[in-house]
Amino acid sequence: MYKTLLGSQGFRKGMDLYFKRHDGQAVTCEDFFAAMRDANDADFANFLQWYSQAGTPLVKVTSSYDAAAHTFTLKFSQEVPPTPGQPVKEPMFIPVVSGLLDPSGKDMPLSSVYHDGALRSIANNSEPAYSTILRVTKKEEEFVFSDIHERPVPSLLRGFSAPVRLESDLSDSDLFFLLAHDSDDFNRWEAGQVLARKLMLSLVVDFQQGKPLVLNPKFVQGLRSILCDSSLDKEFIAKAITLPGEGEIMDMMEVADPDAVHAVRSFIRKQLASELKADFLSLVENNRSSEEYVFNYPNMARRALKNIALAYLASLEDQELTELALHEYKTATNMTEQFAALAAIAQNPGKIHDEVLADFYTKWRDDFLVVNKWFALQAMSDVPGNVENVRNLLSHPAYDLRNPNKVYSLIGGFCSSPVNFHAKDGSGYKFLGEIVVQLDKINPQVASRMVSAFSRWRRYDETRQNLAKAQLEMIVSANGLSENVFEIASKCLAA
């Protein structure tokens with residue numbers, strides 16, 4: 001935020017003063033703030049609230065266009081939710097980098113903005129500006145842009161200019177427009193993520209009500225426009241076509257439903273893979289490399305795009321596409337691509353799945369870090385009933401319950417698969433309960449980290465709550481339980 005407000009040169013001036021004043025001293029956040037302010041003679045108003053107030057600000061934005069006056073207004077309101085010990089919060093200093101897009105998707109030149117009784121020029125040395133920083137410092141305030149001759153679509157919080165939760169009155173068609181045209185990569189990505197979250201939540205309701213799942217064709221078209229845009233950075237494309245995780249969607253639900261969320265996310269992945277199959281196949285084809293491994297950004301971006309395309313294709317459980325993933329596995333010249341091909345194959349149980357996992361282990365058995373990745377990949381699998389496979393891996397010769405990193409890979413990996421850890425029959429909870437009690441006798445610190453996977457048990461339905469609670473009660477009443485595990489488990493129960 002300092003760099004956003006001061007620019008690169010202003011930030012550098014602040015850093016120079018900071019080192020000049022404080023080199024070799026023990027210093028505070030306030031000292032850093034003072035150096036930034038003084039070096040630039042800047043007015044930071046209530047910026048220090050970021051250090052003294054807990055919680056993430058919620059910023060709400062509404063917009064309106066006056067065609068007669070050629071003005072576009074953005075009204076902001078902010079609130080910071082109460083936290084223990086801080087029931088009432090003061091407004092924060094929130095820099096919101098903003099731009100306006102015209103109906104063709106181009107950035108509009110911004111001349112001036114009226115705010116707080118004053119008209120401020122945005123253009124710099126008569127050069128047009130296409131983004132500006134709106135300084136939101138009060139509970140409610142508004143900014144009025146002048147000389148706006150067409151209704152724009154606002155692009156807000158460009159570059160994620162402040163760590164806030166943003167709620168706007170943008171319609172779905174506005175979001176699709178930003179996804180297709182925004183010049184700011186972060187906002188283009190964010191528009192896709194907001195649309196994906198809304199889409200997934202509405203499909204979860206359909207799934208729970210037994211309705212057939214149908215994917216909005218506009219969403220498919222939005223992702224296709226990104227896949228086919230050769231001017232875009234490859235890593236950005238890879239990020240933009242990655243769906244929000246299951247945990248993220250469950251966090252937005254009043255009562256988390258792992259089965260529904262998993263079913264919906266799997267449905268969307270397969271539908272996208274099916275409808276964009278030709279695009280994904282050409283991405284895999286065009287981003288292969290037989291050259292010697294070089295660690296640089298273009299190669300990293302190329303691999304990221306190829307690997308996500310391969311993962312989508314493998315989700316279709318088509319023999320031809322499984323063979324494609326197998327070919328990528330066998331011809332990979334580096335670990336990143338080989339492991340990504342392995343992960344794509346590992347989505348679907350079967351003969352090839354078992355053979356490739358065994359082959360990978362044989363190749364890398366002497367590199368314990370890679371073996372840990374191999375354990376985690378299998379543990380995190382969403383294959384139904386994966387708890388049995390994880391139980392079997394406990395007796396694998398390379399596994400050792402006394403090794404914390406192996407525990408984090410296998411047990412921690414299993415807990416990160418919502419559909420299996422939160423299985424309706426309680427098998428995931430039972431497995432973790434047994435492991436925690438066993439592990440507590442070997443390494444209480446690691447056991448206490450594992451038990452924290454139960455911390456949000458009240459977010460789920462009554463059946464799951466009862467099953468998770470039973471395991472926590474079993475852990476708390478275990479003989480000779482360490483203080484570490486008792487503390488975390490009893491806090492979970494009391495939560």
Side-chain angles (χ1 to χ4, degrees), residues 56 58 81 165 167 172 175 190 192-216 219-220 241-274 311-312 315 317 347-349 379-390 411-433 450-473 489 492-495:
T56 304
L58 172 64
R165 283 172 37 234
E167 284 183 11
D172 283 0
L175 290 167
E190 176 67 4
Q193 293 293 296
V194 171
L195 284 165
R197 289 193 290 263
K198 289 168 87 168
L199 174 70
M200 289 168 82
L201 285 169
S202 69
L203 286 177
V204 162
V205 174
D206 290 346
F207 180 86
Q208 290 170 330
Q209 294 174 353
K211 294 178 184 172
L213 300 181
V214 181
L215 187 56
N216 184 338
F219 185 71
V220 181
I241 62 174
T242 302
L243 295 172
E246 292 176 22
E248 190 178 342
I249 301 303
M250 290 196 296
D251 280 347
M252 300 174 75
M253 300 171 68
E254 208 168 312
V255 178
D257 185 341
D259 295 331
V261 172
H262 176 65
V264 162
R265 193 172 189 273
S266 300
F267 163 76
I268 296 174
R269 271 172 64 85
K270 288 184 179 179
Q271 200 68 22
L272 288 172
S274 176
Y312 267 106
S315 72
E317 300 175 50
Q347 292 179 62
N348 310 312
M380 293 160 73
S381 170
D382 291 327
V383 171
N386 192 47
V387 67
E388 281 313 308
N389 183 38
V390 177
I411 313 304
F414 173 73
C415 294
S416 67
S417 164
V419 74
N420 278 310
F421 177 56
H422 298 290
K424 196 91 175 179
D425 63 359
S427 56
Y429 300 150
K430 187 171 186 294
F431 171 68
L432 182 61
M450 290 297 104
V451 82
S452 63
F454 284 116
S455 63
R456 307 185 74 195
W457 62 280
R458 292 188 191 271
R459 294 270 300 108
Y460 298 87
D461 57 84
E462 199 177 337
T463 305
R464 287 184 172 91
Q465 282 190 35
N466 291 334
L467 290 164
K469 188 181 179 189
Q471 289 304 313
L472 283 167
E473 287 170 343
C492 288
L493 272 171

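Residues: numbered from 1 along the sequence shown.
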Item to check | Verdict with reasoning, D172 to K198, per salt bridge (charged side-chain N to carboxylate O under 4.0 Å, His left out) | outcome: CA-CA 9 Å; D172 283 0; K198 289 168 87 168; 2.6 Å; yes
Closest non-hydrogen contact found for S416 with P418 is O-CD, 3.1 Å
**Report entry** Audit row: F267, L215, side chain to side chain contact (heavy atoms under 4.5 Å, CB included) steps and yes/no
**Finding:** CA-CA 9 Å; F267 163 76; L215 187 56; 4.2 Å; yes
Here the pair of heavy atoms bringing F454 nearest to G433 is CZ-N, 4.3 Å
Judged by atom type as modelled, is there a donor-acceptor pair below 3.5 Å linking the side chain of N386 to the main-chain atoms of D382? no
Between the OG atom in S315 and the CD1 atom in I268, the distance rounded to the nearest 0.5 Å is 12.0 Å
Does W457 use its side chain to pair, donor to acceptor, with the backbone of K469 at less than 3.5 Å?
no
If we ignore hydrogens and angles and just use 3.5 Å, is the side chain of R459 paired with the main-chain N or O of M253 as donor and acceptor?
yes
Value for CZ (F431) from CG (N420), rounded to nearest 0.5 Å, stands at 11.0 Å
Between V419 and E246, the two heavy atoms sitting closest are N-OE1, 4.4 Å
**OP:** List the steps, then state whether side chain to side chain contact (heavy atoms under 4.5 Å, CB included) holds for M252 with L201.
**Re:** CA-CA 8 Å; M252 300 174 75; L201 285 169; 3.7 Å; yes
Tightest non-hydrogen contact, residues A311 and Q347, listed as O-NE2, 3.1 Å
Closest heavy-atom pair, A273 versus Y312, reported as atoms and distance to 0.1 Å, is CB-O, 3.2 Å
Per side-chain hydrogen bond (donor to acceptor under 3.5 Å, both in side chains), Y429 is matched among R464, Q471, H422 by H422
CD of Q465 to OH of Y460, rounded to nearest 0.5 Å, is 11.0 Å
Here the gap from N216 atom CG to Q271 atom CD, rounded to the nearest 0.5 Å, amounts to 11.5 Å
One should read off an interatomic distance between L472 CG and L493 CG, to the nearest 0.5 angstrom, of 4.5 Å
Looking only at heavy atoms, the pair that brings P244 and A196 closest together is CD-CB, 3.5 Å
Checklist line | Derivation and outcome, salt bridge (charged side-chain N to carboxylate O under 4.0 Å, His left out), residues E190 and R197 | finding: CA-CA 10 Å; E190 176 67 4; R197 289 193 290 263; 3.4 Å; yes
- Heavy-atom count around Q209 CD within 6.0 Å, excluding the residue itself: above 12? yes
**Asked** Yes or no on side chain to side chain contact (heavy atoms under 4.5 Å, CB included) for L432 and F414, after CA distance, side-chain angles and deciding distance?
**Response** CA-CA 9 Å; L432 182 61; F414 173 73; 5.8 Å; no
When rounded to the nearest 0.5 Å, the distance separating CD of Q193 from OG1 of T242 is 7.5 Å
*Does the side chain to side chain contact (heavy atoms under 4.5 Å, CB included) test come out yes or no for V387 and K430, once each step is laid out?*
CA-CA 10 Å; V387 67; K430 187 171 186 294; over 6 Å; no
